[in-house]
Amino acid sequence: MSPEMPKAYEPADIEPKWYAFWVEQGVFRASDDPADRRPVYCIPMPPPNVTGALHMGHALTATLEDVLTRWHRMRGYNTLWTPGIDHAGISTQVVVEWQLRREGKSRHDVGREKFIERVWQWKGESGGRIALQQRELGASPDWARSKFTMDPSMARAVNEAFVRLYDEKLIYRATRLINWCVDCQTVLSDLEVENEEGANGELFEFAYKIAGSDEEIVVATTRPETMLGDTAVAVHPDDPRYQHLHGKMLLHPFVDRQFPIITDAILVDPKFGTGAVKVTPAHDFNDFATGKRHGLQEITIFDLSGAMNENAGHFRGLDRKEARKKVKRELEERGLTRGTKPHLLTLPKCSRSGTIVEPMISPQWYVNMKPLAEPALAAVADGRTRIIPEEWAKTYNHFLENIQDWCISRQLWWGHQIPAWYCSDGHVTVARQAPAVCATCHASELRQDQDVLDTWFSSGLWPFATLGWPDATPALARFYPASDLETGYDIIFFWVARMMMMGLHFMKDVPFRRVLLHGMVVDENGEKMSKVKGNVIDPLDLIHGASFDDIIQKTLPGAPREEALAKFKKSYPSAAQMGTGFPAFGADALRFTLASYSPQAKRIALAPKRIEGYRHFCNKIWNATRMVLLYLEQHPAPLPTGQTPSPRWRSSRWIMSRLANALEQTERGLTDFRLDDASAALYRFFWDELCSWYLEITKPVLQAEKSELGTEVAATLVHVLETSLRALHPFVPFLTEELWQILPRPASRPASIALAPYPMPGEGRADEVADREMAIVFDAIIAARTIRSEHEVHPAAQVPLVLRAADPKIRALLAEELVTIRTLVKTAGDPVIEASGGDRPPASVMSVAGEVEVLVGLRGLVERATEEARVDREIKKVEKDLAVLQKKLASPTFVEKAPSEVVAQAREQLQGLERTRKRLAEARQLAAELD
RNA sequence: AGGCGCGUAGCUCAGUGGUAGAGCACUACCUUGACACGGUAGGGGUCGGAGGUUCGAAACCUCUCGCGCCUACCA
């Protein structure tokens, strides 16, 4: 076994085989069997978009959820992590439309039916890709239960939900002002509109002439072209400037229309602009409301593509932008312009296409949200569902308290078609299946509503629709409500709140007990990852390794190489130190990294160096196991029984105690969704306590002849290591499975570590006495090492050591730990243990560690002679480097022109060298003193 | 405009009243029989600023400066 283990851990050699093994063993399967009495843990996976390739956000989600899933599974829960794919209405339609465009066709050329066939075909080809990528991360959902939001079973749930809400009058159809994307050719919900701030616009002022008079009224607008749809000008009722004009009629300069000056205290702020507001009810939300208050005519002036329509007179056919220019020009020609002022404005943009959204009057389907929101608010308020981190509860509440009705219809082809049918008289029949006749007039000529539902309508049903709802399936009975719902905070409104409302409404219970929210993965500088910035990192490139050239080819195809590379390295300064690319970090290192970020953080700044650090940790685990296996060959221990051992040796009692401590912290972290704390506790335990102390302490025992102590130590080591691997498994599943399989383990263990019991703190053994005593020993060791290091003693050199303590108990303790002290300090002979108060031996340096005085003798070292010459050499070298650096930093060109991090680094080096010079000078002085 | 949050080591961030922490970076020494993807030791902080509460404040309160995000509005 161990001799064949390679010296370095290579993830690529082990990851694929264990994933196949888990699948073959059915490790990920959940059970519906009523006879299965295990407690249940269920976590619905946020279904990634069918269009998507795996990005960092998915990797984060998959990691966090997999840790929770694997942890519960090992704790004996009947664990269901439900995977799936979202049909992602607009995104997917856009992708396939692009494909058609390359063939020179539009979706209208092929027709609705053929187009949908094309989408399905495309879905079949690339829709499974992301699930394959999730496997590379080690994700362990129950794949057999994977659902696609367009599956027939999901369609049935969607229709059922729609019909019930319609029957309850919670879904209705209304004609209102809506957000129209002229590019996507569909209505958008409020949430799909992104308000982009800070655009430089202008406030344009022009005059309307008053009919039958020379007087005029000047209005200010950011959208001059909408004046073609004006049906009033409003002033504040109390504004003294306009008192005489109330009710007067105005002449439209371009179309044959007169409209009134009205007074409205809600719309008009007399201090803004001219205090007179043009009112365009058909293309502005405030004006629409004003129009309703005053019964104004609503004149739509755009067609669905954003061009001016027949109501725009001779401007007809012009695009919005062109129309604006032309309107301004013609107003100028007629002498009606009254100047412009710069004005900062916020532009409402389609979150998909980035096009400026046009408010339009249109009939659409809506969900009445208030009655649904109230129970969802109550469920969080009374703790039936807990939101973690808690601060997000405020955001959730704020949204639900101010919720507007949800526009759920979309003018797309790809999606769940609305289950409503119209007869030629316009009567509506809403039904689960296509009805034969109109419910009102029994006409048999029916046409289904052409619109589809917002993608989030089906997503909102996810926690119960995936389990077979509306049927009362065993799965539904068992796995609803889910235990946890874990996702990014960016979809609290889109998804979490809607699942809460839908779940409470249809299932009469919350959809999940906890909502766990994580932040957004951003680049190392905190910038959002985007193709334009060239800072997108594909998680698979971190797992398998990739050259920076390949990465920039993917993110910035066609861009000049140098430029793209510079952009990339600027986004990831720590990657710039890695040469020409990322090595293969492996899935485990990436997972451990992602789990190590605090869930509180809104931004998770991905630092490649950090992944490298955890890659090193994986290698550490690998080599620690290798060492234990190596020594076991010389020092066979009995096969572990699974019982927690009770070693008698103090060091072993100590490591058992630290194990208990680490397991307790890990358990707390995992329970509280503080995976950062959990992973840190395991990291510290494994590296600092197990490897740095215990493995070093046990070396002399294990390297010696077979002994009773040796057997006890070997048994302790096997237990601690096997337990550590189980504790680490949810974070680093591949590595731990590989090592666990070759490590001696109790016969009672199952075939895979993934099914082995998760260690309880009781698999360690808390021991305050051992903790306290070893701390004294370690402090003395550290003090002695510090003296050695500060006096430049060669690491291999052996020094005389005297330890003094007033307390006889401490002296007894130190005497018992002579071997350990001797090994870790590298003393010449056994350390001398004495009572405090004697003279300081000549040529020795003393330090105080708690109640122990530590005296290290420095005379008589063979190396001393050469040592002094070396110190002198070092001093010369440092002086030289210092001079170079000082000169460099004194040069203004360097300080100004070199990248700031290079200058900062030079300064740090300078400081370091100065400190070294000081220490070397002290060392030389001491050497002189000693001789 | 309202809401939420942030400001702690060079960088990224933990830390909810009790001796300022981690990873990376930095300095020195060391290929020591698991691991140089390593070891040992070290340097670095007026916890954004001011005031207050307290025996004691990075943490609690008030004010203030700087920076994010979200929601709404903007003729």
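We name chains A, B, ... by the order of the sequence lines, and we start the count at 1 in each one. Just the heavy atoms: all of them, side chains too, but no hydrogens, waters or symmetry mates, feed the values below.
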Atom-to-atom span, CG of A:Leu606 to C1' of B:U12 - whole angstrom: 11 Å
Touch class at under 4.0 angstrom, heavy-atom based, for A:Asn402 against every strand present: nothing
Rounded distance (nearest 0.5 Å) linking atom CD1 of A:Ile492 with atom OG1 of A:Thr395: 5.5 Å
A:Trp687 ring center near A:Tyr683 ring center (under 6.0 Å): yes
Results of salt bridge (Lys or Arg N to Asp or Glu O under 4.0 Å) for A:Lys620 - residues two or more places apart only: none
A:Lys394 NZ - B:U71 P separation (whole Å): 18 Å
Who pairs with B:U12 - Watson-Crick or G-U, where each distance is under 3.5 Å: B:A22
Check ion pair A:Lys328-A:Glu202 (N to O, under 4.0 angstrom): yes
B:G48 to B:C11 separation - P atoms, rounded to the nearest Å: 14 Å
Whole-angstrom distance between B:C35 and B:G44, as gauged at atom C1': 29 Å
Nearest-neighbour nucleotide for the A:Arg610 side chain, B:G39, B:U12, B:A41 considered: B:U12
5′-ward residue of the pair A:Asp269/A:Ser692 relative to RNA chain B: A:Ser692
Length of the line joining A:Met627:CE and B:G39:C1', which is rounded to integer Å: 13 Å
Rounded distance in Å - OH (A:Tyr396) to P (B:C70): 21 Å
Pairwise P distance, B:A57 and B:A28 [rounded to whole Å]: 39 Å
Pairwise C1' distance, B:A9 and B:G33 [rounded to whole Å]: 37 Å
Within 6.0 Å of CD in A:Gln404, more than 12 heavy atoms from elsewhere: no
Complementary nucleotide of B:C63, counting Watson-Crick and G-U pairs under 3.5 Å: B:G49
Any strand: nucleotide that pairs with B:C69 via Watson-Crick or wobble, under 3.5 Å: B:G3
OP1 or OP2 of B:A41 under 4.0 Å from side-chain N/O of A:Arg785: yes
Separation of the C1' atoms in B:U19 and B:A1, to the nearest angstrom: 46 Å
Of the listed nucleotides B:C4, B:G33, B:U32, the one nearest the side chain of A:Lys602: B:C4
Sugar-phosphate only, base, or nothing, as touched by A:Leu267 at under 4.0 Å among non-hydrogen atoms: base
List, with names and distances, any nitrogen or oxygen atoms from the protein found under 3.5 Å away from nitrogen or oxygen atoms belonging to nucleotides 35-37 of chain B.
| residue | atom | partner | partner atom | Å |
| --- | --- | --- | --- | --- |
| B:C35 | O4' | A:Asn623 | OD1 | 3.2 |
| B:C35 | O4' | A:Asn623 | ND2 | 3.4 |
| B:C35 | O2' | A:Asn619 | ND2 | 3.0 |
| B:C35 | O2 | A:Lys620 | NZ | 2.9 |
| B:C35 | N3 | A:Lys620 | NZ | 2.8 |
| B:C37 | O4' | A:His616 | NE2 | 2.8 |
| B:C37 | O2' | A:Asn619 | ND2 | 2.7 |
| B:C37 | O2 | A:Asn619 | ND2 | 3.3 |
| B:C37 | N3 | A:Arg615 | NH2 | 3.3 |

A:Arg788 CZ - B:A41 P separation (whole Å): 11 Å
A:Glu612/A:Arg615 ion pair, N-O < 4.0 Å: no
Watson-Crick or G-U wobble mate for B:G43, both contacts under 3.5 Å: none
Below 4.0 Å: OP1/OP2 of B:U40 and any side-chain N or O of A:Thr786: no
Least distance between heavy atoms, A:Val233 atom then A:Lys278 atom: CG2-CA, 4.2 Å
A:Trp693 CH2 - B:U40 C1' separation (whole Å): 10 Å
5' precedence on RNA chain B between A:Lys278 and A:Arg684 (nearest-nucleotide basis): A:Arg684
Atom C1', compared across B:G49 and B:U8: separation rounded to whole Å: 15 Å
Distance in angstrom units between A:Asp677 CG and B:G23 P, rounded: 15 Å
Separation between the P atoms of B:C29 and B:G21, rounded to whole Å: 27 Å
Under 3.5 Å: donor-acceptor pair, side chain of A:Tyr597, backbone of A:Ala605: yes
Contact summary for A:Ala595 and A:Phe731, nearest pair of heavy atoms: CB-CD2, 3.8 Å
Watson-Crick or G-U counterpart of B:G17, or none if no pair lies under 3.5 Å: none
Whether A:Phe592 and A:Phe617 hold their rings parallel, tilted or perpendicular, with breakpoints at 30° and 60°: tilted
Distance, rounded to the nearest Å, where A:Gln798 contributes CD and B:C30 contributes C1': 15 Å
Contact under 4.0 Å: A:Tyr683 side-chain N or O vs B:A22 OP1/OP2: no
A:Ser789, nearest nucleotide to its side chain (from B:C13, B:A34, B:A41): B:A41
Rounded distance in Å between the P positions of B:G10 and B:C47: 13 Å
